[in-house]
Amino acid sequence: MAFEENVYDLRRDKLKQIEALGQESYPRRYDFTHTAAQIISEYSLKTGEELDAARVVVRVVGRIMAIRQMGKAGFVHLQQGGQRLQVYVKKDAVGEKNFELYKLLDIGDHIGVDGYLFRTRTGELSVHADGLTFLAKDLLPLPEKWHGLTDVELRYRQRYVDLVMNPDVREVFVKRSKLVQSLRRSLDGRGFIEVETPMMHAIAGGAVARPFVTHHNTLDIDLFLRIAPELYLKRLTVGGFDRVYEINRNFRNEGLGWRWNPEFTMLEFYQAYADYREVMQLTMELVEQAALDVNGTTKAKWTLPDGDQEINFALANWRRMTMREAIIHFWPEAAGAKPEMSDFASHESVGALVKRFNSAHSHMAYNPAEPTGKTIANLFEAVAEEHLVQPTVIYEFPAAVSPLSKNKPDEPDWVERFEIFAGKMEIANGFSELNDPEEQRRRFEHQISERERGDDEAHQMDEDYIRALSYGLPPTGGLGLGIDRLTMLLTDSHTIRDVILFPLLRPEKPQSKEPQTPHS
RNA sequence: GGGCGCGUAGCUCAAUUGGCAGAGCAUUCGACUCUUAAUCGACAGGUUGUAGGUUCGAUUCCUACCGCGCCCA
């Protein structure tokens with residue numbers, strides 16, 4: 001491309017011309033009196049006559065998103081904070097030099113404007129410019145104004161452009177922030193304190209997942225990025241923090257998918273002297289309040305292929321059933337008679353259920369060597385998960401898949417654990433915490449035998465955690481809640497990448513051709 | 001990892017059976033002192049993801065690779 005034709009170089013040249021007009025090319029600050037949002041909320045109801053009479057003088061800033069020039073006058077639209085505000089620039093009003101500056105502006109540039117509010121002939125609230133201040137140049141052209149940026153890969157790789165061009169995307173991340181604020185406010189109001197526990201673990205515990213490995217040079221040891229903060233938070237409960245929570249990232253070395261990103265954000269909280277039923281109730285209240293705080297209503301729009309729907313997080317709308325009840329309730333007709341409770345009692349009868357399910361329905365992976373409880377949990381996922389659109393509490397889990405949960409007093413193979421589902425996703429997981437150190441040791445040992453059997457997600461032994469429990473963990477209930485997934489549900493987003501600002505992508509290859517942004 | 005689909009100008013998209021690679025917006029130049037997808041006129045913009053193959057001729061057909069998306073494990 002010839003030098004004169006390169007947009008980047010053309011705009012650098014304009015920047016020099018702007019300097020020649022006496023404007024700084026990269027000024028340090030600009031004092032504005034109003035944000036675009038403030039002007040719109042305060043003056044959008046005022047008539048033109050009222051504005052003329054009041055002569056409201058303002059200084060505003062923003063990124064130029066549209067320019068319409070007509071000889072010796074013109075309009076620009078400034079965008080700031082997701083809002084747009086029109087500015088009228090007339091040569092007679094701003095003077096010769098400012099009008100020269102106006103002609104050197106490009107879509108994407110940042111400017112400051114001082115002037116007064118008025119209404120145009122077509123009625124749009126606008127700023128009548130008295131002066132223009134150049135603030136920063138956009139050297140690379142923004143995407144086209146009608147369609148914006150739609151290329152999925154570019155939207156994620158260049159999220160900064162996505163955020164400039166797509167107000168809906170901006171709104172999703174504003175809502176995500178409101179969600180986190182809501183959860184913090186709810187927990188703080190109930191006497192919880194927020195803590196930060198290590199992100200690098202010598203033993204990756206607290207969940208069933210493969211970790212990422214890293215290395216510390218001075219100590220010359222491998223460390224794992226945490227898969228969950230759980231074991232550290234319970235150590236704090238041993239230490240006397242009766243109500244703690246942490247909102248932070250977890251890392252799991254697994255595939256990417258519409259519900260999975262290798263790093264994701266979890267809320268975990270622990271409440272001493274509470275069991276899983278109290279945690280369940282608190283969680284439902286937190287989620288209901290979060291829906292209200294984010295959307296102003298408990299009803300969240302949730303678009304499915306078979307037509308617009310909504311998910312209602314109002315407490316009255318929640319369903320509750322045990323895992324076994326859910327398998328029975330959602331058992332497909334094609335798989336024959338519904339299971340009986342007794343079918344879950346033996347390894348053989350559970351295996352028979354899987355065979356019946358697989359003969360009639362899509363294939364579910366089954367390994368007869370795995371523990372019965374693990375098969376039941378897998379069967380639940382295969383049978384029921386796709387039906388759980390409205391918020392549903394599934395409780396009573398097999399002990400085999402719950403190495404950190406307390407047993408049911410009447411059924412030792414089952415534990416006091418629940419998960420919350422909505423939008424066909426697991427969004428939360430909570431239980432009565434196992435606080436008997438000797439039982440905990442047996443559970444870890446059982447997990448180790450599972451690891452030897454070939455399950456490389458099985459939990460590892462953590463001697464210090466058992467030592468902590470040996471000092472006495474009070475009866476405690478705890479919860480983990482997926483912030484990303486709850487954000488999806490509250491923003492009608494159907495892939496986790498739309499609620500993570502910078503989702504994991506394969507790194508861009510270094511460009512072999514001329515660089516997009518040539519350096520001088 | 002497997003299956004399907006996609007990759008063309010900065011952006012959004014066309015291109016007949018395999019026959020001269022196009023449009024809109026953005027950019028550049030010109031006109032225009034109330035426009036809002038501003039309008040009007042003119043110019044420019046391409047190694048069609050990469051590397052091979054078939055063919056007189058490939059954006060189009062074939063192979064491999066790279067990247068992305070969707071579904072599945």
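Note that the coordinates shown come from a computational prediction; the quantities given were computed from them, not determined experimentally. A, B, ... follow the sequence lines: proteins, then strands. Residue 1 opens every chain.
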>> Suppose we call two aromatic rings close when their centres sit under 6.0 Å apart. Are A:His201 and A:Phe224 close by that rule?
In response: no
> With a non-hydrogen cut-off below 4.0 angstrom, is A:Thr120 in contact with a base, only sugar-phosphate, or nothing?
Replying inline: base
> Which heavy atom in A:Asp109 sits nearest to a heavy atom in A:Lys137, and how many Å separate them?
Replying inline: OD2-NZ, 2.6 Å
>> Just the rounded figure in Å: distance from C1' of B:G41 to CD of A:Gln69.
In response: 16 Å
>> Using Watson-Crick or G-U wobble geometry with both distances under 3.5 Å, which nucleotide pairs with B:C6?
In response: B:G67
> Checking all strands, does A:Arg157 fall into the base, sugar-phosphate, or nothing category for heavy-atom contacts under 4.0 angstrom?
Replying inline: sugar-phosphate
> Which class fits the ring pair A:Phe421 and A:Phe380: parallel under 30°, tilted 30 to 60°, perpendicular over 60°?
Replying inline: perpendicular
> NA contact type, A:Lys90, heavy-atom cut-off 4.0 Å: base, sugar-phosphate, or nothing?
Replying inline: base
> Do the side chain of A:Gln86 and the base of B:U35 come within less than 3.5 angstrom through a donor-acceptor pair of N or O atoms?
Replying inline: yes
>> Heavy atoms from C-beta onward define the side chain here; which of B:C34, B:C11, B:U35 lies closest to that of A:Glu124?
In response: B:U35
> In the structure shown, which nucleotide is the Watson-Crick or G-U wobble counterpart of B:G22, with both distances under 3.5 Å?
Replying inline: B:C13
>> So if I take every side-chain heavy atom of A:Pro143 and compare against B:C68, B:A26, B:C11, which nucleotide ends up nearest?
In response: B:C11
> Rounded to whole angstrom units, what separation is found between the CD1 atom of A:Ile64 and the C1' atom of B:U35?
Replying inline: 15 Å
>> Please report the distance, rounded to the nearest Å, between CG in A:Leu85 and P in B:U35.
In response: 18 Å
Grab the N/O contacts between the protein and nucleotides 22-25 of chain B below 3.5 Å, and write none if there aren't any.
from  : atom 1 : to       : atom 2 : distance (Å)
B:C25 : O3'    : A:Lys145 : NZ     : 3.4

>> Judged by each residue's nearest nucleotide on RNA chain B, which is more toward the 5′ side, A:Lys72 or A:Gly148?
In response: A:Gly148
> Is it true that A:Tyr102 and A:Phe134 have ring centroids separated by less than 6.0 Å?
Replying inline: no
>> For A:Glu153 and A:Phe75, find the nucleotide of RNA chain B closest to each by heavy atoms; which residue's nucleotide sits nearer the 5' end?
In response: A:Phe75
> Please give, in whole Å, the distance from B:C29 P to A:Asp106 CG?
Replying inline: 10 Å
